Colleague: 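Handing you a structure now.
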Protein chains: 2
Amino acid sequence: MAYGDLPGHMSMAFRAAMDRVHAKLAELGYGDVRPAHGFVFQLLSHTNGSTAVEIAAHLGVTKQAATQLLAELETKGYIRREGHPLDRRARLVSLTERGWHCVSAVVNEWRAIEDDWAALVGAERLDVVRDAVCAIVADASSKGQVTMKPLW
Amino acid sequence: MAYGDLPGHMSMAFRAAMDRVHAKLAELGYGDVRPAHGFVFQLLSHTNGSTAVEIAAHLGVTKQAATQLLAELETKGYIRREGHPLDRRARLVSLTERGWHCVSAVVNEWRAIEDDWAALVGAERLDVVRDAVCAIVADASSKGQVTMKPLW
DNA sequence: AAGGTTGGTCAATCAGGTTGACCATAAGGT
DNA sequence: ACCTTATGGTCAACCTGATTGACCAACCTT
């Protein structure tokens, strides 16, 4: 690999992994999820119950865009929107059973990928990689420049 | 970092690096380049002279989309389109001086980032990372699943 | 010379996002 | 309590970057 190509190669590695996750999802009958949905799932699986504006902030888009996304996810059966118990303006968004299944499929596949990587380069070396990447991200994060969003 | 989070963290590391490159470009007066333009530059800097359809193929978009992109890059002064010497239908696209300056600024910044990473985690460890990532990409590539495109 | 292929453009359309106006409810100051 | 302001959500219009489809001119066969 040429000097200066490491970041780009990381992107490629991620991209290959991402594609594999999507292929797996399609195989399991979740072929109708788009990349941006992942961020919604991620948030919901941690908070279990969020509002549209929170999701919009997490995605880095306007609330209108988020609302549209949620409508789509609702008709596809991944999420549910009910009246918020504490705020009658708001609608509480949460994962359906199908949504949870999809989330765990994703988590499993990311882990499977990491396992494969460990098998490929050796567990000890992958530990080094893990620590290094973690340090790099932490450093960037400390300088206030971290987005999970891979959108350019 | 949690088990299964490595690919995502790689994406974050790349994203932070990418943002830094764009910030640097803006600082140097190349603030009007968009992400997709990078792929055009990359191709042109290696081939020095490509046709619109080749670029389209490299970008993974239709030739119409590529043409539009090229028109934009031309008006911004990064590229030049002249009659192809061997094919009177085609237009040969090449980098202008400004384009070359921009490309080398990008290359320098990627290298500076890689240097910073080496300083952060140690040169030997970063060598391990480099080898590992290279192996991972090579493996994915051998299975025919590699795109440089970080677009989801 | 004739037919099919290829580089490029024009035009219409679509998808996903944005901005802006608006309503209903909530929260706070007085 | 009351009036003002802030906030969650929706509706509607629009922008941008892409797509598909039709087409032309030049190329490459044969």
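Because only heavy atoms are used, hydrogens play no part in the values below, and waters and symmetry mates are left out as well, while side chains stay in. Everything numeric in this text was worked out from a predicted model, so none of it was measured.
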Colleague: For A:Arg81, I'd like to know if atom CZ has over 12 heavy atoms of other residues, nucleotides or ligands within 6.0 Å.
Modeller: yes
Colleague: Do the rings of A:Tyr30 and A:Tyr78 sit parallel, tilted or perpendicular, given the 30° and 60° boundaries?
Modeller: tilted
Colleague: Of all the nucleotides listed (D:dA12, C:dT6, C:dG8), which has the minimum atom distance to the side chain of B:Arg89?
Modeller: C:dT6
Colleague: Looking only at side-chain N and O atoms, does A:Thr67 come under 4.0 Å of OP1 or OP2 in D:dT10?
Modeller: yes
Colleague: Once you round it to whole Å, what is the distance between C1' of D:dC24 and CG of B:Asp87?
Modeller: 14 Å
Colleague: Take atom CG of B:Leu69 and atom C1' of D:dG17, then tell me their distance rounded to the nearest Å.
Modeller: 10 Å
Colleague: Rounded to whole Å, please give me the gap between CG in B:Leu70 and P in C:dC10.
Modeller: 14 Å
Colleague: Let me know the distance between CD of B:Glu54 and P of C:dG7, rounded to the nearest Å.
Modeller: 8 Å
Colleague: May I have all residue pairs that pass ring-ring contact (aromatic ring centres under 6.0 Å, His included) and include part of residues 111-138 of chain B, sequence neighbours excluded?
Modeller: none
Colleague: Rounded to 10°, tell me the angle between the two end axes of the helix from C:dA1-D:dT30 to C:dT30-D:dA1, each built from five pairs.
Modeller: 30°
Colleague: With side chains defined as the heavy atoms from C-beta onward, is the minimum distance between A:Arg98 and A:Lys76 less than 4.5 Å?
Modeller: no
Colleague: Got a sec, which residues hit side-chain contact (heavy atoms from CB on, under 4.5 Å) with A:Arg80, two or more places apart in sequence or on another chain?
Modeller: A:Glu82, A:Ser94, A:Thr96
Colleague: Please state how far atom CG in B:Leu59 lies from atom C1' in D:dG17, giving the value in whole angstrom units.
Modeller: 12 Å
Colleague: Which nucleotide, C:dG17, D:dG17, C:dT25, lies nearest any side-chain atom of B:Arg34?
Modeller: D:dG17
Colleague: Of all the choices, C:dG8, C:dG17, D:dT10, which nucleotide is nearest to the side chain of A:Gln68 once you look at every atom?
Modeller: C:dG17
Colleague: Using side-chain heavy atoms (C-beta onward) and a distance below 4.5 Å, is A:Leu126 in contact with B:Leu6?
Modeller: yes
Colleague: If you check every side-chain atom of A:Arg81, which of D:dG8, D:dT10, C:dT9 has the closest atom?
Modeller: D:dT10
Colleague: Rounded to whole Å, how long is the line connecting atom CD1 of A:Ile55 with atom P of D:dT10?
Modeller: 11 Å
Colleague: Does B:Arg88 make a side-chain N or O approach to OP1 or OP2 of D:dC27 shorter than 4.0 Å?
Modeller: yes
Colleague: Does a side-chain heavy-atom distance below 4.5 Å link A:His46 with A:Phe41?
Modeller: no
Colleague: Of the listed nucleotides (D:dT19, C:dG17, C:dG8), which one gets closest to any side-chain atom of B:Val61?
Modeller: D:dT19
Colleague: Could you tell me whether the side chain of B:Leu70 reaches within less than 4.5 Å of the side chain of B:Val40, counting heavy atoms only?
Modeller: yes
Colleague: For A:Arg91 and C:dT25, give me the distance from atom CZ to atom C1', rounded to whole Å.
Modeller: 15 Å
Colleague: For the side chain of A:Gln64, starting at C-beta, report the closest nucleotide among C:dA21, C:dG7, C:dT25.
Modeller: C:dA21
Colleague: Starting at atom NZ of A:Lys63, determine the distance to atom C1' of C:dA24, rounded to an integer number of angstrom.
Modeller: 12 Å
Colleague: Of the nucleotides D:dG21, C:dG7, D:dG9, which one has an atom closest to the side chain of A:Ala52?
Modeller: D:dG9
Colleague: Counting only side-chain nitrogens and oxygens, does A:Thr62 get under 4.0 Å of the OP1 or OP2 atom of C:dT19?
Modeller: no
